[in-house]
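To find a chain, count down the sequence lines: A is the first, B the second, and so on, and within it residues start at 1. In this text the structure is predicted, and so the values were computed from the model without any measurement.
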Amino acid sequence: AQSVTQLDSQVPVFEEAPVELRCNYSSSVSVYLFWYVQYPNQGLQLLLKYLSGSTLVESINGFEAEFNKSQTSFHLRKPSVHISDTAEYFCAVSASGGYQKVTFGTGTKLQVIP
Amino acid sequence: DTGVSQNPRHKITKRGQNVTFRCDPISEHNRLYWYRQTLGQGPEFLTYFQNEAQLEKSRLLSDRFSAERPKGSFSTLEIQRTEQGDSAMYLCASSSRIGKGGTDTQYFGPGTRLTVL
C-alpha cells in the first residue's frame, strides 16, 4: 500500500514570491506521482505527473515538481506565484503499471496575499 | 470532449432518504472511479470499474452504497438510507491506458456535494 504526507495544511505567500509545497510518500514498489489542484467549489484538475524518466516535471502554468527517490519526496515549486494560484493542492501516489488505486494526501491550501 | 461530468452538482436530502448520483466519463475512457471527499481531507477511493465490471470496492463502501456502470459508459452511485455522516463531495474520475506502458492518469469531474440534514 502507498501513503502520502503533505506536511503543511496551509501556506500563505505574498504575490510574486516563490513557494514550495511539500509532499512525501511511502511505498514498497515503484510509483507514479501526481499533483492535483482544486479551486473552490470545483473538482480536481491534474497539474503535473511523474511517471518515469526525467525527475523534474513541469506544468504549463509555471509549477514544477522534482521526484526524489532517496528522499521519497515530490515537492511542488513555483518561482513566482499569482493571485490566481490560490487553491488547494493535493499530492497523490499510485503504484506504477496499469490500473492502480490512487492515494491522496490531505491537501495544502495555498493562499496568495496581494 | 468536455471532460467528466457529474449530476447533480448539489443535493440536499433528509436523513433516511435515498439519493442517486450520475457520472459521465470522458467518452473514450474505459476506467471509472468514485471517490469521497470530506472537508479538510483528500479524496478517498470508493470503487473502480473497468468497462461495466466493478473490480474493486473500498471498505468505505458500506452496504448502503451501490455503484453501477451498466453499459460501460455512465455510472451511478446510490446511497440508501442516508446518514448525516454521508455528507461529503462525491467525485468521479475516468481514465484510459493508452498503449503498452501507458499511464492511467485519472481526470476528475466537478463533483456532487451531498448534504444530509
Would you say [atom1] of [X] has more than 12 non-hydrogen atoms from neighbouring residues, nucleotides or ligands within 6.0 angstrom?
| X | atom1 | result |
| --- | --- | --- |
| B:Leu39 | CG | no |
| A:Gln42 | CD | yes |
| B:Arg15 | CZ | no |

Report, by ascending residue number, the residues of residues 69-79 of chain B in heavy-atom contact with chain A at a distance under 4.5 Å; give 'none' if the set is empty.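 Under the 4.5 Å heavy-atom cut-off, nothing qualifies.
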Check each atom of A:Gln38 against the heavy atoms of chain B and say whether the ones under 4.5 Å are side chain, backbone, both or neither.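 Interface part for A:Gln38: side chain.
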At a 4.5 Å cut-off on heavy atoms, which part of A:Leu46 comes close to chain B: side chain, backbone, both, or neither?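 A:Leu46 touches chain B through side-chain heavy atoms alone.
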Could you go through B:Gln106 and A:Phe34, starting from their C-alpha distance and side-chain angles, then the distance that decides it, and tell me whether this counts as side-chain contact (heavy atoms from CB on, under 4.5 Å)? CA-CA 10 Å; B:Gln106 297 179 27; A:Phe34 309 87; over 6 Å; no
Report yes if the side chains of [X] and [Y] come closer than 4.5 Å at any heavy-atom pair, otherwise no.
| X | Y | value |
| --- | --- | --- |
| B:Phe45 | A:Thr103 | no |
| B:Tyr35 | A:Val102 | yes |
| A:Phe90 | B:Gln37 | yes |

Among B:Pro110, B:Gly42, B:Pro43, residue most engaged with chain A (heavy-atom pairs, under 4.5 Å):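 Between B:Pro110, B:Gly42, B:Pro43, the count favours B:Pro43.
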Greatest number of heavy atom pairs closer than 4.5 Å to chain A - which of B:Arg113, B:Gln41, B:Glu44: B:Gln41
Quick check on the structure: residues of residues 104-114 of chain A within a heavy-atom distance below 4.5 Å of chain B, by number. A:Phe104, A:Gly105, A:Thr106
Do [X] and [Y] land in one hydrophobic cluster if side-chain heavy atoms of ILVMFWY residues count as linked below 4.5 Å?
| X | Y | value |
| --- | --- | --- |
| A:Tyr36 | A:Phe63 | no |
| B:Leu91 | B:Phe65 | no |
| A:Val11 | A:Phe74 | yes |
| A:Leu47 | A:Tyr39 | yes |
| B:Leu114 | B:Leu60 | yes |

